[in-house]
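Note that these values count all heavy atoms, side chains included, but never hydrogens, waters or copies made by symmetry. Sequence lines set the chain letters: A, B, ... in the order given, protein chains first and strands last, and positions in each chain run from 1. Remember, it's a predicted structure, so these values are computed and weren't measured experimentally.
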2 protein chains.
Amino acid sequence: MGTISKALTLLDTLSLMDRDAGLTEVAVACGLDKATTRRFLVELEKHGFVEQLPDNRKYRLGSAPVRLGRIREARYPFLKTAIPFVRQLMEDCGETVHLSEYSGGRLSTVYVEDSTKAHRVFIAIGTLLPFHATASGLAFIAACPDKDVDAAATGPMPAFTNYTTCDEASFRKAIEQTRTDGYSINRQGMEAGVFSTSAAISDPKARPIGCITVAAPLVRTDAARIRQHGLAAAAAARRISEAFFGVDRKEQAALQRGRETG
Amino acid sequence: MGTISKALTLLDTLSLMDRDAGLTEVAVACGLDKATTRRFLVELEKHGFVEQLPDNRKYRLGSAPVRLGRIREARYPFLKTAIPFVRQLMEDCGETVHLSEYSGGRLSTVYVEDSTKAHRVFIAIGTLLPFHATASGLAFIAACPDKDVDAAATGPMPAFTNYTTCDEASFRKAIEQTRTDGYSINRQGMEAGVFSTSAAISDPKARPIGCITVAAPLVRTDAARIRQHGLAAAAAARRISEAFFGVDRKEQAALQRGRETG
DNA sequence: AGCACTGGTTCATTATTTAAACCATGCTTA
DNA sequence: TAAGCATGGTTTAAATAATGAACCAGTGCT
């Protein structure tokens with residue numbers, strides 16, 4: 001593995017830790033040598049991707065990503081575009097809705113709109129969504145070309161609960177179902193007591209870029225309601241796609257013009 | 001320079017380009033070999049920091065930073081805390097107000113609240129703010145220990161306009177003035193026709209972490225008004241600091257408790 | 001067809017990264 | 001108070017990965 005990959009993996013691991021971490025702690029979490037870890041941390045810190053607290057010398061995620069993230073959002077406002085629809089879907093369903101984006105080979109949660117109900121599902125931003133064990137993953141993969149389905153189907157499928165689908169046949173069946181329905185369903189595959197439905201958000205060439213997912217406590221769901229959530233999610237996904245790629249095209253054109261004349 | 005630094009510099013250059021760039025374009029912009037550049041881009045893409053458009057093979061900033069940025073903000077909500085005060089300051093002054101953060105050895109703009117006036121100052125998110133040529137940089141450095149002032153004072157000071165202060169003596173004088181006033185002033189040092197005032201936002205141990213800056217067209221300013229903006233900025237900075245480090249401490253404590261008991 | 005550009009790849013050379021052993025310091029405990 | 005131990009941080013020869021000149025292949029233009 002290249003050095004850059006290692007460093008970015010370190011950054012990733014650090015970002016998934018739920019508190020500031022010491023040097024050795026980071027080292028063991030990444031399976032790297034202490035000296036190496038430190039060199040990485042120092043270099044990452046120089047660019048603001050990591051910061052070391054002056055008080056206790058612990059490390060944490062720095063603020064450079066928020067700057068870059070803002071730049072990206074300013075040019076390619078996926079979140080900005082999607083958030084209103086996420087909120088709307090949450091209000092329509094009354095359940096926690098989350099938005100995920102595909103990036104770096106993985107699907108991860110980038111925004112959550114919490115249900116206002118007392119009994120609700122909690123999801124942390126940054127959560128990774130395995131393809132086989134979540135509604136989001138299923139919806140995403142189902143929207144991909146068959147070769148990606150095959151890759152996912154033949155990869156490892158760790159079980160997170162007793163309900164996780166871990167064999168290829170069931171997985172492929174779920175994909176088929178998702179493709180015919182237009183939305184995916186996952187029943188307690190990732191977390192016990194949670195029932196999710198999801199729909200992929202795709203670009204104009206039908207390449208998926210992320211998905212929008214409704215996560216409800218099992219006790220509040222039945223087949224009819226799930227179907228309702230699923231259809232609502234699919235509709236929201238379609239609307240986000242239109243809004244996003246609509247404005248994007250216009251903006252691209254405007255930028256282009258600006259560049260050519262100025 | 002280490003490989004990681006080079007890669008992050010590439011990422012940085014890419015983020016500062018105002019459109020998607022081809023391989024060779026990126027390579028020359030970074031002063032790297034084409035092969036190296038490509039290796040970097042591929043590795044960065046694997047982690048979502050860069051994405052290659054399938055249509056024209058051009059590269060652009062990826063979405064991983066927005067995920068990491070969201071994680072950071074969820075834990076350490078600097079923007080979330082500061083934005084209301086930025087907005088308030090904009091309304092009070094009627095001028096564009098921007099918020100900057102120190103990270104990776106540089107001060108950069110992370111948020112902008114545009115004035116509602118037709119004739120106003122425009123600032124792009126991600127803009128780098130040199131210490132000697134901007135009100136923000138001055139405010140920040142003035143809030144640092146003397147050794148940092150010395151480092152900045154003896155470094156190179158490129159001129160951006162005819163008004164930029166480029167000599168050590170004037171720079172030090174400006175720092176002194178800033179320290180006594182509690183806010184900094186910069187008159188056309190970065191851009192002709194722009195007059196800015198800024199105040200540093202510091203942590204409880206008086207270490208600055210960023211600043212808040214009012215940028216007005218020269219024609220709308222006079223000494224009294226500038227002073228007014230400066231004092232307002234200083235007050236806003238203080239309030240942000242209180243709000244931020246107030247909630248932060250509480251959250252830290254809550255997290256700590258959660259960790260210990262669970 | 002030929003040219004001038006792209007994006008992308010190869011491979012011997014070269015430089016960086018690695019990790020074991022090391023030091024220094026602060027905290028806990030005997 | 002002193003010893004022990006965990007922590008952050010540093011050094012080194014050995015191992016590994018980065019480098020870049022030369023290369024191929026595709027595309028659009030003359």
ask   = Over how many whole Å does the gap from A/Leu10 atom CG to C/dT17 atom P extend?
value = 14 Å
inquiry  = Holding to salt bridge (Lys or Arg N to Asp or Glu O under 4.0 Å), I want the full list of residues that pass it with A/Asp203, two or more places apart in sequence or in another chain.
reply    = A/Arg207
message = What is the distance, to the nearest angstrom, from the CZ atom on B/Phe40 to the P atom on C/dT16?
response = 12 Å
ask   = Can you check the B/Ile4 CD1 to C/dT16 P distance for me, whole Å?
value = 13 Å
ask   = Heavy-atom contacts under 4.0 Å between residues 22-29 of chain A and DNA chain D, which residues?
value = A/Gly22, A/Leu23, A/Thr24
message = Return whichever of A/Asn56 or B/Lys6 has its heavy-atom-nearest nucleotide of DNA chain D closer to the 5' end.
response = A/Asn56
ask   = For B/Leu32 and A/Gln52, take the nucleotide of DNA chain D holding the closest heavy atom to each; which residue's nucleotide lies nearer the 5' end?
value = A/Gln52
note = Computed from five pairs at either end and rounded to 10 degrees, the angle between the axes of the helix from C/dA1-D/dT30 to C/dA30-D/dT1 is 30°
message = Would you say CD of A/Glu191 has more than 12 non-hydrogen atoms from neighbouring residues, nucleotides or ligands within 6.0 angstrom?
response = no
ask   = How close or far is atom P of D/dT7 from atom OH of A/Tyr59, stated in whole angstroms?
value = 14 Å
message = For a quick test of reading the model, state the closest non-hydrogen atom pair linking B/Pro130 to B/Leu128 and the distance between them.
response = CD-O, 3.3 Å
remark   = Here the side chain to side chain donor-acceptor pair (under 3.5 Å) pairs for residues 21-36 of chain A, sequence neighbours left out, are A/Arg19-A/Glu25
message = Once side-chain contact (heavy atoms from CB on, under 4.5 Å) is applied, do any residues pair with A/Cys144, and if so which ones, sequence neighbours excluded?
response = A/Phe140, A/Asp148, A/Pro208
task = Quick one: closest heavy-atom pair of B/Phe85 and B/Thr81, and the distance?
result = CD1-O, 3.3 Å
request  = Provide, to the nearest angstrom, the distance between the CG atom belonging to A/Leu41 and the P atom belonging to D/dT10.
outcome  = 12 Å
task = Mind checking side-chain contact (heavy atoms from CB on, under 4.5 Å) for B/Ser241 and listing every partner two or more places apart, or none if nothing turns up?
result = B/Ile201, B/Phe245
inquiry  = With a cut-off of less than 4.0 Å, is there a side-chain N or O of A/Thr3 near OP1 or OP2 of D/dA18?
reply    = yes
Listed pairs, N/O of protein and of nucleotides 20-22 of chain C, under 3.5 Å:
none

ask   = Does a salt bridge link B/Arg179 with B/Asp146, judged by any charged N lying under 4.0 Å from a carboxylate O?
value = yes
message = I need the CG-P distance between B/Asp20 and C/dT6, as an integer number of Å.
response = 17 Å
Within-4.5 Å side-chain heavy-atom neighbours: B/Ile240 and B/Phe78 = yes
remark   = By side-chain hydrogen bond (donor to acceptor under 3.5 Å, both in side chains), A/Ser184 pairs with (sequence neighbours left out) none
remark   = Hits for salt bridge (Lys or Arg N to Asp or Glu O under 4.0 Å) against B/Arg238, two or more places apart or cross-chain, chain-then-number order -> none
Closest to side chain of B/Arg38, choosing from C/dG7, C/dT9, D/dA18 = C/dT9
inquiry  = If the condition is salt bridge (Lys or Arg N to Asp or Glu O under 4.0 Å), which residues does B/Lys205 pass it with, not counting sequence neighbours?
reply    = A/Asp55
Would you tabulate the nitrogen or oxygen pairs shorter than 3.5 Å linking the protein to nucleotides 27-29 of chain D?
none

Spacing between B/Arg39 atom CZ and C/dG7 atom C1', to the nearest angstrom = 16 Å
remark   = Residues passing the salt bridge (Lys or Arg N to Asp or Glu O under 4.0 Å) test with A/Arg72, sequence neighbours excluded, are A/Glu101, B/Glu51
key: salt bridge (Lys or Arg N to Asp or Glu O under 4.0 Å) between B/Arg57 and B/Asp20, intermediate numbers included   = CA-CA 9 Å; B/Arg57 302 212 249 182; B/Asp20 306 336; over 6 Å; no
